[in-house]
There are 2 protein chains.
Amino acid sequence: MAQPAPTPQSAMRQLNLSRVLHTLAAEGPLSRATVATRIGLTRAAVSTLVETLLRGRLLVEEGPGRSGSVGRPGSQLRLTDRGPCGFGAEIGVDHLAVCAADLRGEIRVRVEKEFRAQHRAPDAVLGELRALARRARAEADGVGLRPAGLAVAVPGLVPRGTTTVLRAPNLGWRDVELAGLLPADLGEVTVHNEASLGGLAELWSRGDPAADGFVYVSAQIGIGACVVLDGRLLSGAHGFAGELGHVPVRPEGPPCGCGGRGCLETYAGEEAVLRAAGIEPGPGVRLGALTARCEAGEPTALRAVRRAGTALGIALSGAVNLLDPRRVVIGGTLTRLAPWLLPPLRRELGRRTAVAAGGRETPLPVTASPLGPDGPLRGAAGLAVRTALDDPARLLAAARGD
Amino acid sequence: MAQPAPTPQSAMRQLNLSRVLHTLAAEGPLSRATVATRIGLTRAAVSTLVETLLRGRLLVEEGPGRSGSVGRPGSQLRLTDRGPCGFGAEIGVDHLAVCAADLRGEIRVRVEKEFRAQHRAPDAVLGELRALARRARAEADGVGLRPAGLAVAVPGLVPRGTTTVLRAPNLGWRDVELAGLLPADLGEVTVHNEASLGGLAELWSRGDPAADGFVYVSAQIGIGACVVLDGRLLSGAHGFAGELGHVPVRPEGPPCGCGGRGCLETYAGEEAVLRAAGIEPGPGVRLGALTARCEAGEPTALRAVRRAGTALGIALSGAVNLLDPRRVVIGGTLTRLAPWLLPPLRRELGRRTAVAAGGRETPLPVTASPLGPDGPLRGAAGLAVRTALDDPARLLAAARGD
DNA sequence: CTAATTTGTTAACAGCCATGACGAAATACT
DNA sequence: AGTATTTCGTCATGGCTGTTAACAAATTAG
């Protein structure tokens, strides 16, 4: 039969509690009155909500704030920097990292390790990750934070709602079930594509996420992407959205590992760019050499990067025509080449998106992500925190159960 | 100041009223008890909701239904086929149409007219449309339906939330404000891109819209598209999403009117296909001739259509890689060429979407829309009805005010 | 020092839904 | 046939939630 179904009454209460938490997370310390106008409830109602949250030690009252204007100054409320925290982890091709963010979203703990995960058995990699997680947990404990969930970033395909890595070409993984290999003492664990989490970090790093919309490109060995429209991440029917790397750039171009031809990755993937610049991509050799040559003005290197930028522009122009984002953000390791990569990218994109541009005030902004390579890790921790904030009942129960 | 903000209490009531309406719209006649389990409320609560809706003449009680199983049979409820109705209108390149759908979504009235709108002044076209709307309204009146809103489909760019046509190349319109030209006695009027409404019609024509996700291609003179993921239409930051026609297929291909090169429209637009088949596309000459030649097996015609299918496949493979839809639907006039268009399209799409396909059970279904050229018109009426169902307060007020 | 403004709290109130019990209307079993 | 069982719709009760309105507290403006 239909399960009891949370009574819509208490559901409303939960929703309002969650709204208070999210409002404070997004706008820092606020008074009860301000929160009330933000979420459209009366001061009286917010008072009782805040009372509940204070009792559960999720909020801290800071006392009367600065009195800039007339009237009694409100008592500032902020999310606690002790108590629940969200963990984020990243499995990169050559590094592992774990971090913890408090409810405000502040990164409080961070441990990482150079580790060539490429073509290593999942057990070995996850063993290292668990060790890092133990250290992070201990450090979090030291500053009064207790785990309330973990999100893991993986450079591969993860079916929606699972903890399985279906394919991670750059790790050499296929059909790897992570369930038993993940840290078990950090609360609920979810696994996501690295580009999706990078995009979420980008979304949350700016004001008014609800009104934002962009295509986030995670360009490194593989090229992933994530699409955010109306402040929501598009994950696709199976959770595989974002395979920008296999969007065709030239239909009869060079064959790609995916079976297609002329995919973006064959032009703008890290290996393709290095090769085009005359650098043999070895296991250690990455973009450092190429950046140096570009800075030195070496023509072959510049040409290779320009070609990649053009290809990115062509692929993105398709995405932009189809999705009408507010902006385009480039993340991943390739951002180190941004000075040389972005101009041709912008030019190509501008040429090919004139129709929709007719209604735009200014040209579509294309920028490198300010978070740089940290995006996915921060996004993971942020997701864990947001998920926690979505379920105040659980947070409060955990506080009581202490 | 912050406006009164509908008190979340009555908001909940409104939401539940709306849920009852939508449940009945989606699943036809149901008993109170069934509705209750569907929306997760108790029978008692649903009884009072239904009471309100019956009083407002939005529902009709049909009495005890067939008693298939044990227990007292429930009294079947259905949405009324008298009372409020949604109007849909379509401004096509060579025809105008207006229809009215009752709350159940049934099309009850339909009037249309051959009318070459191409390069006619908006005033003239809208004058004709208003005349059609008057006739439709009169007919609706005759069967006891009263207007509760109108949605208009236009083959062009409509900024989100406006009634302005920014560009409609195939009508020859630019920056046309329709506000004063639209029928004024049908309730609230909204204007939308034709492909978006076609996609919505497709969405609503199948079971469980909430779980659906697809790319709908509206292929005719211009090629538009609409993306639905998680049962929601993506409209883009400005409302311009869906410009599939200007997705690059071959970056150095023939120049396109948009300023780009090798856009899909230069390969698969109606004019391009006709020309490639050796048919001069005159104002009256459309696809009839081409269909005939394909049926006759004429090689030039077949080659032209095959080429268009391949180009569509290339452009769509980009969209599929990026968005991971559950299926792809082809609508618009070009569906008449489906038997020859779809095979090359499917082949190309299959080749280029292998990565994500690794996680798919079956190949991505690519089908012609069963609604054919009626999609946008039905979608428009459907949208008007759904919008009405979203606001039970207004419907009830209108019923009282009668 | 008074008036005006804003904040947070309190008490009375109204709305909404859940709970549990009931009669009604059908089927299933003896 | 007659009883038990199942399901439906309704009713009275009660709990929870947020609103309204009034008030004291704390600040600025004049």
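A note on names: the letters A, B, ... follow the listed sequences, proteins ahead of strands, and every chain is numbered from 1. Here the structure is a predicted model, which is why all the values come from computation and not from measurement.
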S.K.: Between dA4(C), dT27(C), dA21(D), which one does the side chain of V70(A) approach most closely?
M.R.: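 The answer is dA4(C), which lies nearest to the side chain.
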S.K.: May I ask you to evaluate whether N16(A) reaches the phosphate of dG18(D), defined as a side-chain N or O under 4.0 Å from OP1 or OP2?
M.R.: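 Answer is yes, contact under 4.0 Å.
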S.K.: When the distance from CG of L54(A) to C1' of dT9(C) is rounded to whole Å, what number comes out?
M.R.: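 After rounding, the reported distance stands at 14 Å.
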S.K.: Quick check on dG9(D): is either OP1 or OP2 less than 4.0 Å from any side-chain nitrogen or oxygen of S47(B)?
M.R.: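 No, because none of the side-chain N or O atoms of S47(B) sits under 4.0 Å from OP1 or OP2 of dG9(D).
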S.K.: Both R43(B) and T48(B) contact DNA chain C. Which one's nearest nucleotide lies toward the 5' end?
M.R.: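 Looking at the nearest nucleotide for each, T48(B) comes out on the 5' side.
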S.K.: Taking atom C1' of dA18(C) as reference, at what distance in whole Å does atom CZ of R13(B) sit?
M.R.: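 Rounded to the whole Å, the gap is 14 Å.
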S.K.: Under the 6.0 Å and 45° cation-pi test, does R326(B) pair with F214(B)?
M.R.: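 No, R326(B) does not sit over the ring of F214(B).
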S.K.: Say you draw a straight line from CZ of R82(B) to CG of L58(B); how long is it, rounded to the nearest 0.5 Å?
M.R.: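 One finds 14.0 Å between CZ of R82(B) and CG of L58(B).
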S.K.: Would you call D212(A) and R232(A) a salt bridge, using N to O less than 4.0 angstrom?
M.R.: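 Salt bridge between D212(A) and R232(A), a charged N being under 4.0 Å from a carboxylate O: no.
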S.K.: In whole Å, I'd like the distance from the CE atom of M12(A) to the P atom of dA18(C).
M.R.: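 In whole Å, dA18(C) P lies 12 Å from M12(A) CE.
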S.K.: Using whole Å, what does the distance between atom P of nucleotide dT7(C) and atom CZ of R38(A) come to?
M.R.: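 The distance from CZ of R38(A) to P of dT7(C) comes to 11 Å, rounded to the nearest Å.
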S.K.: Considering only side-chain heavy atoms of A45(B), which listed nucleotide, dT17(D), dC17(C), dT7(C), is closest?
M.R.: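 Among the listed nucleotides, the one closest to the side chain of A45(B) is dC17(C).
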S.K.: Starting from C1' on dC16(D), measure out to CG on L49(A) and report it in whole angstrom.
M.R.: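 In whole Å, dC16(D) C1' and L49(A) CG are 12 Å from each other.
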S.K.: Taking only N and O in the side chain of T42(B), is any of them less than 4.0 Å away from OP1 or OP2 of dA18(C)?
M.R.: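 Looking at the OP1 and OP2 atoms of dA18(C), one of them is under 4.0 Å from a side-chain N or O of T42(B).
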S.K.: Distance check needed: dA26(D) C1' versus Q76(A) CD, whole Å only.
M.R.: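 Checked: the CD to C1' distance equals 14 Å.
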S.K.: Between atom CG in L41(A) and atom P in dC16(D), what is the gap in whole Å?
M.R.: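 So the two atoms are 19 Å apart, to the nearest Å.
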S.K.: Quick one: does R32(B) reach the base of dG9(D) with a side-chain donor-acceptor pair under 3.5 Å?
M.R.: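 Not at all, since no donor on one side and acceptor on the other fall under 3.5 Å apart.
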S.K.: Test for a donor-acceptor pair under 3.5 Å between the base of dT7(C) and the side chain of R72(A), counting only N and O atoms.
M.R.: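 Under the 3.5 Å cut-off, the side chain and the base do form a donor-acceptor pair.
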S.K.: Kindly give the heavy-atom pair with the smallest separation between A241(A) and D324(B), and that separation in Å.
M.R.: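 Nearest heavy atoms, A241(A) then D324(B): N-CB, 3.5 Å.
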S.K.: Judged by each residue's nearest nucleotide on DNA chain D, which is more toward the 5′ side, T34(B) or V46(A)?
M.R.: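 It is T34(B), whose closest nucleotide lies nearer the 5' terminus.
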S.K.: Answer yes when R32(A) and E61(A) have at least one side-chain N-carboxylate O distance shorter than 4.0 Å, and no when they do not.
M.R.: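 Salt bridge between R32(A) and E61(A), a charged N being under 4.0 Å from a carboxylate O: yes.
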S.K.: From CG of L59(B) over to P of dG9(D), roughly how many Å is that when rounded to an integer?
M.R.: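 Nearest whole value for this atom pair: 13 Å.
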